[in-house]
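Here's the structure we're looking at; comments come further down.
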Amino acid sequence: MQDIRVQREPFDAGAEITAFLATVPRSGGVATFIGQVRDFRESGETVHAMTLEHYPGMADRALKALAVDAAQRWPLDGALIIHRYGELHPGEAIVLVATAAAHRGDAFAACEFLMDWLKTKAPFWKKEATSAGTSWVSASAGDDARAERWKD
Amino acid sequence: MQDIRVQREPFDAGAEITAFLATVPRSGGVATFIGQVRDFRESGETVHAMTLEHYPGMADRALKALAVDAAQRWPLDGALIIHRYGELHPGEAIVLVATAAAHRGDAFAACEFLMDWLKTKAPFWKKEATSAGTSWVSASAGDDARAERWKD
Amino acid sequence: MSLTVLYFAWVKEKVGCGQETLAPPADVATVAGLMDWLSTLSPGHAAAFADRRLIKSAVDQEHVDHGTALGKAREVAFFPPVTGG
Amino acid sequence: MSLTVLYFAWVKEKVGCGQETLAPPADVATVAGLMDWLSTLSPGHAAAFADRRLIKSAVDQEHVDHGTALGKAREVAFFPPVTGG
């Protein structure tokens, strides 16, 4: 079962995980990742708010394609991806990924793969409102390197 | 913040994750793992129930030591480990591990490390009641290999 | 040929709009060619495409390289490297 | 010297009890030596320790090798490889 959602509304990560677990009672291992808005930048400024722009249509399509790719690489019983867009504030969840498999190694690998590829392929762009003004977040070379690990 | 619990009572993994997230609002990434009782063995038998025996005192001590070790290896903002003992049934959560860090790579690595080491160091033993009778689960060579990855 | 062109993030801000429907000349055959032509439309377009190395593109909602042929594309998008998640 | 000895999982089932308080002779100096002596106590003990390669041990709640000296140990435990998580 794959459940992919691109939404403006906040979500309750714990409640979503509870609901996901109910769909995979036979899976030995469930790995999840929650990305939250940080209230600071590496460079020191305080972040007041973040706006996530997205490419409607393609965002949904890209996340679905990632989930299909993950399911071809690992024997998954289910995958959940929720990604927000719009205005978010520090401490709010931006993204939730959950993967279920018989064995924990598969669940962990698929979850990390989904996050790494999502970071470099899903069409979302972060704009931060900080104490030093408003600016688009630059793509991270570290994210590119992490995504490279999964290339065939 | 480290929260380590060894308990007989069932726990609600989603609710625990919600509570954990509230303690780490400044962390960019939170990784979690939930281990559930499977209703089948690799060899095909149906599992009706599982009894987890543990070494009281040492179980708690071993999990705390693992959390300290993880916090020395990665810059963590928090870690949560809940491990059950006693009688469990298929679909119930056995273990929950959650780790929070500024960067997702650290959260993922610490979470997987805690699970791998917990599997080879925490004094718990599973006894399965299956269609073929009751027997102790054998340690997995795969688990040993996964734990070896983290040796210094 | 009518083509929907989309811009996101700072590319959108430089161009000054998020979406336009255009009819590029017949000799615009690739994504790179489309960027060349778009750059002639306004100073904002020119500024957005000044350094192509900063620009990623998608044709009909699939990531593509700049050398990709437009073919029967109906929707082309330009944006900086993604930063979601 | 009074020593608490604990058994878990199938080691406990073979020995027939989970915990006993014992006073090993003074020449029992290591974990392996303790297993030798325990094996003499009953057929159940002997069966539990028949193949030492299957047995893990902890002294005062820390994992140790069989060669470890007992020293001032107050609690020694024997069990199969762990299978939690």
Side-chain angles (χ1 to χ4, degrees), chain A residues 11-42 46-47 50 77 89-105 107-109 111-116 118-119 140 142-143 145-146 149, chain B residues 11-42 46-47 77 89-109 111-116 118-119 140 142-143 145-146 149:
Chain A
F11 61 87
D12 178 333
E16 294 292 350
I17 291 168
T18 295
F20 180 71
L21 288 170
T23 69
V24 289
R26 306 186 77 224
S27 298
V30 174
T32 84
F33 179 82
I34 299 113
Q36 303 189 119
V37 180
R38 288 194 285 167
D39 63 359
F40 62 99
R41 305 190 76 159
E42 302 294 332
T46 299
V47 173
M50 168 178 285
D77 298 326
H89 294 90
E92 284 189 72
I94 305 169
V95 63
L96 168 64
V97 170
T99 52
H103 299 286
R104 76 182 183 287
F108 269 123
C111 190
E112 200 161 0
F113 164 84
L114 284 171
M115 277 307 304
D116 286 347
L118 184 159
K119 285 260 183 188
S140 145
D143 282 338
R146 292 181 66 85
R149 298 183 299 162
Chain B
F11 61 87
D12 177 333
E16 294 292 350
I17 290 169
T18 295
F20 180 71
L21 287 171
T23 69
V24 289
R26 306 187 76 227
S27 298
V30 174
T32 83
F33 180 82
I34 300 113
Q36 302 189 120
V37 180
R38 288 194 284 168
D39 63 0
F40 62 100
R41 304 190 77 157
E42 302 295 332
T46 299
V47 174
D77 299 327
H89 295 90
E92 284 189 72
I94 305 169
V95 63
L96 167 64
V97 170
T99 52
H103 300 285
R104 75 182 183 289
D106 294 330
F108 269 123
C111 190
E112 201 161 358
F113 164 83
L114 284 172
M115 278 306 304
D116 287 346
L118 183 159
K119 284 262 183 187
S140 145
D143 283 338
R146 293 182 64 85
R149 299 182 300 162

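Computed from a predicted model, the values in this text were never measured in an experiment. First the proteins, then the strands, lettered A, B, ... as listed; each starts at 1.
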Exercise. Under a 4.5 Å cut-off applied to non-hydrogen side-chain atoms, are B:Gln36 and A:Ser27 in contact?
Worked result: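 They are in side-chain contact.
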Taking the side chain as C-beta and beyond, is there a heavy-atom pair between A:Phe108 and B:Cys111 under 4.5 Å?
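A side-chain contact under 4.5 Å exists here.
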Below 4.5 Å from any heavy atom of chain B, which atoms of [X] appear? Answer side chain, backbone, both or neither.
X: A:Val95; answer: neither
X: A:Arg146; answer: side chain
X: A:Ala15; answer: backbone
X: A:Ala102; answer: both

Looking only at heavy atoms and a cut-off of under 4.5 Å, which of [options] has the most pairs with chain A?
options: B:Ala31, B:Gly142, B:Gly28; answer: B:Gly28
options: B:Glu92, B:Arg26, B:His103, B:Arg104; answer: B:Arg104
options: B:Thr99, B:Asp116, B:Val37; answer: B:Asp116

Hey, which of A:Asp12, A:Val97, A:Thr32 has the most heavy atom pairs under 4.5 Å with chain B?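 Answer, by heavy-atom pair count under 4.5 Å with chain B: A:Thr32.
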Checklist line | Straight-line distance of A:Phe20 CZ to B:Ile34 CD1, nearest 0.5 Å | finding: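 The CZ atom of A:Phe20 sits 9.0 Å away from the CD1 atom of B:Ile34.
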message: What's the separation between atom CD1 in B:Ile17 and atom CG in A:Leu21, rounded to the nearest 0.5 Å?
response: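 That separation rounds to 7.0 Å.
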